[in-house]
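Accompanying notes for the structure given below.
Proteins come first, then strands; the chains are lettered A, B, ... in the order of their sequence lines, and each starts at number 1.
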Protein chains: 2
Amino acid sequence: MNKVLRKQMSSSQRALLELREKIFAGELAPGSDHLESELAEQLSMSRTPVREAVLMLEGQGLLELRPRKGIRVVPLSPEDMEEIYDVLTELESLAAECAARASHKEEDLRFLSTAIDDMDVAIANSDLDAWADADDRFHTELVRLGGNSRVNSIVHMMSDQVRRARMTTLFMRPLPTKSNEDHRKVYEAIKDGESQVARDTHREHRLHAKRIIVELLKKHRLRFL
Amino acid sequence: MNKVLRKQMSSSQRALLELREKIFAGELAPGSDHLESELAEQLSMSRTPVREAVLMLEGQGLLELRPRKGIRVVPLSPEDMEEIYDVLTELESLAAECAARASHKEEDLRFLSTAIDDMDVAIANSDLDAWADADDRFHTELVRLGGNSRVNSIVHMMSDQVRRARMTTLFMRPLPTKSNEDHRKVYEAIKDGESQVARDTHREHRLHAKRIIVELLKKHRLRFL
DNA sequence: GCATTTCATTGCGTATGCATTAAATGATGC
DNA sequence: GCATCATTTAATGCATACGCAATGAAATGC
C-alpha cells in the first residue's frame, strides 16, 4: 500500500490497514492476544483510533474482543474453512450466473481473461505466488461482474478470513494445473450469456477446491491457522 | 428487550441496541442524517460510545458514515432489495441442504414445525404480525439448523437490512396462504434427510418470494424504504 | 450579477485522564 | 493444604477537551 496516500489518512484508517497487514502477514499470530495499549504503541498512536479499528476488524471476523483477556487474532479451524468455502461456493456461483445474465461486452471481460492467462503463465513457471495473485484477481473480478454489492463485500470478507490459511495450503497442494480449465469454461459461459452453465461450472469448481483443501488439512492435521 | 439487563450493559452496547431499535422502528427515518452529538444527546451519553456503536452499525450496513454530512440511515432501493433477496436465497438454500444432511432428530426440528403451525394459525386469523413473527422464526431456525455460523450471521445481517422494508411490503401483498406449503415441504425434506429436495424447494420458495416483492415495489413505485 | 477568496463556524478525529470492574494476588480461617 | 474472602492491580469503558479541517457565509473583485 502506498506510503504517500497513508500520510493523509486518519489514524483509524491507518490502524485498520496496518492491523490487517500484520494479521495477514502473521506478524500478529493467529490465536495470539493483545492489549489495546500494546497495539496503540506498536502503531504509535493513542488507544482511541486503535479501538475503532479493532471494532471494525471484529465485525469482519478477523479479531475477537475479549475484554480484559486481550484482543485475539481469530484462528481458523478446518471446520471454519469448510464454512467459509461453502459460503464462497454459493455466492460466487450466484455471481457467475448474474455476470452471464448481464451480457457483458467482451472488453468488459478482459480482466477476467487476463487473470486466466496469467494463471497459465504462472503454472508454466511453477510460480505459486503469481498464480495465487492471478487466481485472486479472477475471483475478485468475477464477483464484481456479478454486480451484487452485497455479494461482493461478503466474498471479500470471507476471502480475507481465509487469506492466511490459503498461503499455507497453497504450498502444500499439487500445482493447480487443471483448475484453469474450469476458469476458462466459466469465462466462456459468461461471454456467451449461458448463466446456468456459468453457475454450475463455477459451483463444481468451488466444491472441488473445497474438497482438496479439507483433505489437505486433515492429512496434515492442521488444527488452527 | 429487557430493561433490567440493560442496566448492567455498557454504554456502547446500549447505544448499539437502541440505535438498532430506532432504525427498525423508523424513528430514525431511512435516508435521514444525524450528527454524533445529536445521537449522543438522544441516548444521554457521550459521543465516544455512540461512535463505537455507529461504526458497528456501519459494518452491518444499517448506517452510512459521511463525515461532516451526517450519519445516514441507509435507505433501500428496489435494487438493494433484489441484492439482499438473492443472497438470502443462496445462503438459506445452503442451510436447508446442510440441515437435511445433518440428519437431525425430530425433536430438534420442533421449533421449525411450531413456527409452521403458528403461520397456519396466523393466516387463519389474518394476523399479519403473528405471521411475520412466525415466518421470522422459521427462517432463523432453518439457518441455525444448517450449522454454518457464517451463514447464520450473514443471513441475520441481511434480514436486518430488509427488516423495515419487510414491514411495509407485508401489508401490501396478498396473504401468503400458499407459502406455508413450501415451508412444510422443506421441513419434511429436512426430516427425511433429502438434502437436494430441501435445497431446491427452499430455493424455489425464495425465488418466488423475491419476484413478488420486486413486482410489488415496482407497482407501487417505492423507490426508498 | 457572478466568481473567488476570506473568514467564522462547527463537527470530527484524536489524545488524555479518570472511573469501573474483572482478574490476580495475598490473607485468613478451617 | 485448601477454600473463601479481601485487597491490589491494571485494562477497559467512557467523558472530556482540543485542534484541525471542511463547510457555508460574507466580502471582495471583476
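In this structure, B:Arg51 reaches the C:dG13 phosphate: one of its side-chain N or O atoms is under 4.0 Å from OP1 or OP2. For the OP1/OP2 pair of D:dC14 and a distance below 4.0 Å, the side-chain nitrogens and oxygens of B:Ser46 include no atom meeting the criterion. Neither OP1 nor OP2 of D:dT12 sits under 4.0 Å from any side-chain N or O of B:Ser10.
For the pair B:His34 NE2 and C:dG11 C1', the interatomic distance rounds to 16 Å; values are reported in whole Å. We find that CZ of B:Arg72 is positioned 14 Å from P of C:dC12, with the value rounded to whole Å. B:Arg66 has its CZ atom 11 Å from the P atom of C:dC12, to the nearest Å. Rounded to whole angstrom, the span from the CE atom of B:Met9 across to the C1' atom of D:dC14 amounts to 15 Å. Put simply, CE on A:Met56 is 10 Å from P on C:dG13, counting in whole angstrom units. Between the C1' atom of D:dA15 and the CZ atom of A:Arg47 lies a distance of 13 Å, rounded to the nearest Å. Atoms CD (A:Glu52) and C1' (D:dC14) sit 13 Å apart, rounded to a whole Å. Rounded to whole Å, atom P of C:dG13 lies 14 Å from atom CG of A:Leu55.
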Hey, can you pull the donor-acceptor pairs under 3.5 Å for the side chains in residues 57-64 of chain A, sequence neighbours left out?
none

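The 5' end of DNA chain C is approached more closely, in terms of each residue's nearest nucleotide, by A:Pro49 than by the other of A:Pro67 and A:Pro49.
In this structure, the ring of B:His183 has its center no less than 6.0 angstrom from the ring center of B:His202.
Side-chain N/O atoms of A:His156 and A:Asp160 include no donor and acceptor closer than 3.5 Å. Side-chain atoms of B:Asp86 and B:Thr89 include no donor-acceptor pair closer than 3.5 Å.
On a pure distance criterion of 3.5 Å, a polar donor-acceptor pair joins the side chain of B:Thr48 and the base of D:dA15. Between the side chain of A:Arg68 and the base of D:dA11, at least one donor-acceptor pair of N or O atoms lies under 3.5 Å.
More than 12 heavy atoms of other residues, nucleotides or ligands sit less than 6.0 Å from atom CZ of B:Arg66.
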